Asks: 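One structure follows; several queries about it will come next.
Owing to the predicted nature of the structure, the values given are computational and were not obtained by experimental measurement.
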Amino acid sequence: MRFRFCGDLDCPDWVLAEISTLAKISSVKLKLICAQVLRDLLGEAIEYEKILKLTSDAKLESGDVKATIAVLGFILSSAAKHNVDGESLSSELQQLGLPKEHAGGLCRSYEEKQSSLQDRLRACSLRLNRLGSVRWRVDYTLSSSELQEVNEPLVHLTFGLRDGERGSRETVPVVLSADKFRVLLAELKQAQALMNTLL
């Protein structure tokens, strides 16, 4: 059977296996766990201690707790990616065996954060590094000890990159001749024009 929240594909086997684990948790606690998973998906810190307290009465092992977080993350992010409304998601989760109260609580949490989750996923998709800063300098060498006349400008660029996943920063220095800089600038303008047509 095909499901919209899976991109009109079959539901992965591991998700099917974890639905029974979700059913062991009360619907109120599942909604609170969803709130924590949504915080994580939105880039905030997840509070694992809170989740462990919420799942303690269901007598879940640590592997089951991690699987619960993973399956909720998959369901919520996939539903947002495929623009599934809360009612359809609830119906599909019930078809997979999740009790109605559980599906309803999960979907209410999802509907509250759907647009911000989609914005976050858009901002993070297809990104390896993000450009944080650009510094530039032009050096014009008139002459040197080896040559009487050089008259050649050099463009020094320093790119400050931020890794979106880890938050680390890196600087990449580049030195270009005037001709190479003109080529780089023309290609960047072409790329920007192409991206603007896609937006």
Side-chain angles (χ1 to χ4, degrees), residues 2-12 14-16 18-19 22 25 27-51 54-55 65-96 98 100-134 159-172 187-199:
R2 299 181 184 281
F3 295 91
R4 282 184 57 207
F5 83 93
C6 295
D8 288 322
L9 298 172
D10 289 337
C11 186
W14 71 273
V15 173
L16 288 171
E18 294 307 322
I19 293 290
L22 294 180
I25 304 166
S27 60
V28 174
K29 290 184 177 179
L30 183 65
K31 188 174 186 219
L32 294 171
I33 295 169
C34 278
Q36 289 298 315
V37 172
L38 282 164
R39 280 176 54 114
D40 183 46
L41 292 172
L42 292 169
E44 299 172 29
I46 190 170
E47 297 174 36
Y48 286 106
E49 297 80 27
K50 212 178 243 190
I51 292 174
L54 292 168
T55 56
V65 174
K66 290 176 184 175
T68 298
I69 293 168
V71 77
L72 287 173
F74 174 80
I75 290 168
L76 294 166
S77 63
S78 291
K81 280 179 199 169
H82 300 293
N83 200 25
V84 179
D85 61 282
E87 195 175 314
S88 299
L89 180 61
S90 176
S91 170
E92 289 183 351
L93 291 173
Q94 289 174 53
Q95 290 173 33
L96 292 173
L98 193 65
K100 186 175 184 175
E101 304 80 39
H102 291 64
L106 188 152
C107 291
R108 279 190 294 279
S109 295
Y110 165 71
E111 285 174 330
E112 289 170 12
K113 302 284 185 179
Q114 182 180 5
S115 62
S116 54
L117 181 56
Q118 286 174 328
D119 291 342
R120 171 74 178 167
L121 292 172
R122 251 184 239 107
C124 294
S125 69
L126 300 175
R127 298 247 169 134
L128 298 175
N129 292 327
R130 205 174 264 255
L131 188 61
S133 64
V134 177
F159 298 104
L161 304 178
R162 287 180 300 166
D163 187 333
E165 296 279 315
R166 288 169 270 162
S168 60
R169 296 182 181 273
E170 178 185 0
T171 57
V172 180
E187 288 181 355
L188 287 174
K189 285 181 178 178
Q190 281 180 330
Q192 184 179 25
L194 182 62
M195 287 191 299
N196 286 339
T197 62
L198 299 174
L199 294 176

Asks: Would you name the heavy atoms of P12 and C6 that are closest together and state the gap between them?
Replies: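 Shortest heavy-atom contact: CD-SG, 3.9 Å.
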Asks: For residues 192-199, tabulate all N or O donor-acceptor pairs below 3.5 Å that involve a side-chain atom, not counting sequence neighbours.
Replies:
unit_1, atom_1, unit_2, atom_2, d
N196, ND2, Q192, O, 3.3
T197, OG1, L194, O, 2.5

Asks: Does K50 have any salt bridge (charged side-chain N to carboxylate O under 4.0 Å, His left out) partners at least two apart in sequence or in another chain, and if so, which?
Replies: E47
Asks: Can you sort out the partners of D119 under salt bridge (charged side-chain N to carboxylate O under 4.0 Å, His left out), two or more places apart, ordered by chain and number?
Replies: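 Only R122 meet the salt bridge (charged side-chain N to carboxylate O under 4.0 Å, His left out) criterion with D119.
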Asks: Give me the atom names and distance for the closest heavy-atom approach of I25 to L30.
Replies: CG2-N, 3.9 Å
Asks: Going from CD on E112 to SG on C107, what distance comes out if it is rounded to the nearest 0.5 angstrom?
Replies: 11.5 Å
Asks: If I compare all heavy atoms of N83 with all of Q118, which pair ends up nearest, and what's the gap?
Replies: OD1-NE2, 3.0 Å
Asks: Can you measure from CG (L89) to OG (S91) and round to the nearest 0.5 angstrom?
Replies: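 Rounded to the nearest 0.5 Å, the CG-OG separation comes to 9.0 Å.
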Asks: Examine the side chains of S88 and E92 and answer whether a donor and an acceptor come within less than 3.5 Å of each other.
Replies: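 No donor-acceptor contact under 3.5 Å links the two side chains.
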Asks: Can you list the steps and then say if L161 with R169 is a side chain to side chain contact (heavy atoms under 4.5 Å, CB included)?
Replies: CA-CA 6 Å; L161 304 178; R169 296 182 181 273; over 6 Å; no
Asks: Which heavy atom in S90 sits nearest to a heavy atom in G104, and how many Å separate them?
Replies: OG-N, 4.2 Å
Asks: With rounding to the nearest 0.5 Å, note down the distance linking CG in L38 to CD in Q114.
Replies: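 CD of Q114 is found 11.0 Å from CG of L38.
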Asks: What pairs meet the side-chain hydrogen bond (donor to acceptor under 3.5 Å, both in side chains) rule with one or both residues in residues 28-38, with sequence neighbours excluded?
Replies: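 Matches after skipping sequence neighbours: K29-D57.
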Asks: Would you indicate whether E87, at its atom CD, is surrounded by more than 12 heavy atoms from other residues, nucleotides or ligands within a distance under 6.0 Å?
Replies: no
Asks: Test side chain to side chain contact (heavy atoms under 4.5 Å, CB included) on L22 and H102; report intermediate values, then the result.
Replies: CA-CA 8 Å; L22 294 180; H102 291 64; 5.6 Å; no
Asks: Please confirm whether the backbone N or O of I46 pairs with a side-chain atom of R39, one donor and one acceptor, at under 3.5 Å?
Replies: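 No, R39 side chain to I46 backbone: no donor-acceptor pair under 3.5 Å.
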Asks: Output the distance between atom CZ (F3) and atom CG (D10), rounded to the nearest 0.5 Å.
Replies: 8.0 Å
Asks: Quick one: closest heavy-atom pair of C11 and L96, and the distance?
Replies: SG-CD1, 3.8 Å
Asks: Check salt bridge (charged side-chain N to carboxylate O under 4.0 Å, His left out) between D85 and all other residues, then give those that pass, not counting sequence neighbours.
Replies: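 In terms of salt bridge (charged side-chain N to carboxylate O under 4.0 Å, His left out), with neighbours along the sequence ignored, D85 is linked to R4.
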Asks: Please report the shortest heavy-atom distance between L93 and A103, naming the atom on each side.
Replies: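 L93 and A103 have their closest heavy atoms at CB-CB, 4.2 Å.
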Asks: Can you give the donor-acceptor pairs under 3.5 Å from side chains of residues 68-82 to other protein atoms, not counting sequence neighbours?
Replies:
unit_1, atom_1, unit_2, atom_2, d
T68, OG1, D64, O, 2.8
S77, OG, G73, O, 2.7
S77, OG, F74, O, 3.4
S78, OG, F74, O, 2.9

